[in-house]
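Structure, as structure tokens:
In what follows, chains carry the letters A, B, and so on, assigned in the order in which the sequence lines appear, proteins first and then strands, with residues in each chain numbered from 1.
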Amino acid sequence: MALQVFNTRTRRLEAFVPADPHVVRIYTCGLTVYSAMHIGHARTYCFWDVFRRYLEYRGQHVLSVINYTDIDDRIIAKAADGADAGAPGGWLEVAESVIATFRRDCRALRIKDYAAYTRATDFVDAQIDMVRQLLASGHAYVVDGEVFYDVQSFPRYGELSGNTLDGQQAGASGRVGEDLDRKRHPADFTLWKPSTPEQPTWNTGEAAWPQGRPGWHIECSAMATAMLGRHFDVHGGAVDNLFPHHENEVAQSEPLCGHPWVRYWMHPEHLDLRGVKMSKSLGNVIGIPDLLSRHRYDEIRWFFASTHYRTKLAFSDELIDACAEGFKRITRAVKLLAERLRAVSPQARAVPVRSRYASMRAPEQAIPREREAFEHGVFGAATRAFLDRFVAAMDADLGCPQATAAMFDYVGELFAQGLETIDDPPSLMAAYRCLTRHLHVLGVETVDAELYPELAADCLATADEGTQQLAELRAVIDRMLEARAEARRSKDFARADAIRDLLKRAGVAVEDAPGGARWELVR
RNA sequence: GGCCUGGUAGCCAAGUGGUAAGGCGGAGGUCUGCAAAACCUCUAUUCGCCGGUUCGAUCCCGGCCCAGGCCUCCA
């Protein structure tokens, strides 16, 4: 069994076979950088991150490109409204600042870095060249210095999204532009438009359309092709990109690159905000810092995994909280395993079967080789069952909900089979690595570098600076807990409770367990 | 008008032509100085409604009802 994905182009599940068996080429439509990333983007980009992580888990190399649309009327408008209204290049500053927060927000959500982040304005030459070719091949026409794509010149127009030309009702959405009188068909779209003196502009060297700026759709086509070649494996964005954006991209690209331009089109669904429309005019756009002030990144990641990517995700703080409640069981198991492993000597916790990280390995071998290490020890049978379910779930069009269900059952088995009592380091280590390795696939990077250095090396390290302080904090708390244990031994429960209350007020929850007190940071 | 989803327990949410994963919540229990937490067990004779195909349908087909998305702003 191999990975299957739902291809929007064919509306079917298909075996995922990259053109080049060694590298998967993925292009993701990124932000139009006129305002910061919000929770909707978070779902989309977290999905693409999990997709990439799973491919890597499967032993594939992934070449992923994401773009910034940094030239757009909304950016220009924002710059015109801002404090430095009218300043030359103000639109670039708007773009720069949004890009910076985007990168920061992605890292906070542990979205792995892309191989390249392309900017539309860095590829204007390629865009001009594409427009030129489309004109030459009769797929575009010029009206008053503006270049339009002629949809009627492309018979397959509408195949990707299902919005065929004869089925479309122009203006049904109430958003038809004002160019109707100049277009040959209402669905024709802008490839290049002239700029007024105060708008950013590029010279083309063409007499009929001498200057101006690119249309939205041509940007992505030019960037994707420039970075990934005339044909590549996966192109995506969220569902809203399907039409018109991706449809138009196909129409522009296939006359020049051939069909199919892209092997697999994938479109994750939106958030379902339960009737509430998130929009800037309503002032209810939830940004990433806001989201992260209410939920930890790993809770958000686990929450995203709770619903299939092609299903609308019911979103609310309460739902995330409910999901996080269940997630505690997983993290608790990881923590218990780590604690018990740390308690034994380094030598004793050595894992007999080498567990090497999968990349650089042929896809067919990657999982079996890793499995050997995971399946070792007393939890072997449970681990085997878990691995089978996890891989089967993810192979079936990234079935994260089933993958998480498998993990819940696995953790249940670990507890049932003596997670808290069995004293065999290799067994504990195998289970620890198995859990953290698979959480990592789902975007949860909870791993102790000492216990699983190979995996830790692949995590977005954001805690480096805090490590030393954290160790000191840990020592202080441990001393307080030692004092409390002393009080309990001498039956001075008032003092013991006082220490517990003090820690609680400081945000440290203490719980008594058979082996001694445990603590964790709480909000 | 065209295209497309989805309606599964109080809530979220998988899924299969052979009789319903998982999580939250709820109910018991174990442990505990007390707490809290944790762990264990239980929690849909039923999958919007009506027909049909079938030995058998939640899953296939037809009709109906309801909710939602897209048809050039949108992740």
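The nucleotide B:C42 finds its pairing partner in B:G26, both defining distances of the Watson-Crick or G-U wobble pair being shorter than 3.5 Å. With both pairing distances under 3.5 Å, B:C3 is matched to B:G69 as a Watson-Crick or G-U wobble pair. Under the Watson-Crick or G-U wobble criterion, with both distances below 3.5 Å, B:A14 is left unpaired in every strand shown. Within the shown strands, B:C50 is the pairing partner of B:G62 under the Watson-Crick or G-U definition, both distances less than 3.5 Å.
Between the side chain of A:Arg389 and the base of B:A21, no donor-acceptor pair under 3.5 Å is found. For A:Asp272 and B:G68, a side-chain-to-base donor-acceptor distance below 3.5 Å is absent, hydrogens and geometry of angles not being considered.
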**Prompt:** What string of B, S and - do you get for nucleotides 23-31 of chain B, 5' to 3', if B is base contact, S is sugar-phosphate-only contact and - is no contact with any protein heavy atom under 4.0 Å?
**Reply:** SSS------
**Request:** Summarise how protein sits on nucleotides 4-18 of chain B as a single string, 5' to 3': B when a protein heavy atom is under 4.0 Å from the base, S for sugar-phosphate-only contact, - for no contact.
**Result:** --------SSSS---
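The salt bridge (charged side-chain N to carboxylate O under 4.0 Å, His left out) contacts involving residues 35-44 of chain A comprise nothing, where partners must be two or more places apart or lie in separate chains.
Rounded to a whole Å, the CZ atom of A:Phe493 is 13 Å from the P atom of B:U32. The distance between atom CZ of A:Arg500 and atom C1' of B:A37, rounded to the nearest whole Å, is 10 Å. One atom, CZ of A:Arg484, and another, P of B:G33, lie 11 Å apart when rounded to the nearest Å. Separating the CZ atom of A:Arg488 from the P atom of B:A35 is a distance of 13 Å, rounded to the nearest angstrom. Going from atom CG of A:Leu419 over to atom P of B:A38 covers 14 Å, rounded to whole Å. Rounded to an integer number of Å, the gap from CZ of A:Arg518 to P of B:A38 is 11 Å.
Taking the nucleotide of RNA chain B with the nearest heavy atom to each of A:Asp512 and A:Ile39, the more 5' of the two is matched to A:Asp512.
Taking the side-chain contact (heavy atoms from CB on, under 4.5 Å) definition, one finds that A:His270 meets it with A:Ala238, A:Val239, A:Asp240, sequence neighbours left out. Annotation: side-chain contact (heavy atoms from CB on, under 4.5 Å) contacts of A:Glu96 (sequence neighbours excluded): A:Arg119. Partners of A:Glu159 according to the salt bridge (charged side-chain N to carboxylate O under 4.0 Å, His left out) rule, which considers only residues two or more places apart in sequence or in another chain, do not exist here. Shown here are the salt bridge (charged side-chain N to carboxylate O under 4.0 Å, His left out) partners of A:Glu482, two or more places apart in sequence or in another chain: A:Arg489. A:Thr404 is linked by a side-chain contact (heavy atoms from CB on, under 4.5 Å) to A:Trp302, A:Ala305, A:Leu442, counting only residues two or more places apart in sequence or in another chain. With sequence neighbours excluded, the residues satisfying ring pair (Phe, Tyr, Trp, His ring centres under 6.0 Å) with A:Tyr264 are A:Phe16.
In this structure, the side chain of A:Glu254 does not engage the main chain of A:Val250 through any donor-acceptor pair within 3.5 Å.
A:Tyr141 and A:Asp188 share a side-chain donor-acceptor pair at under 3.5 Å.
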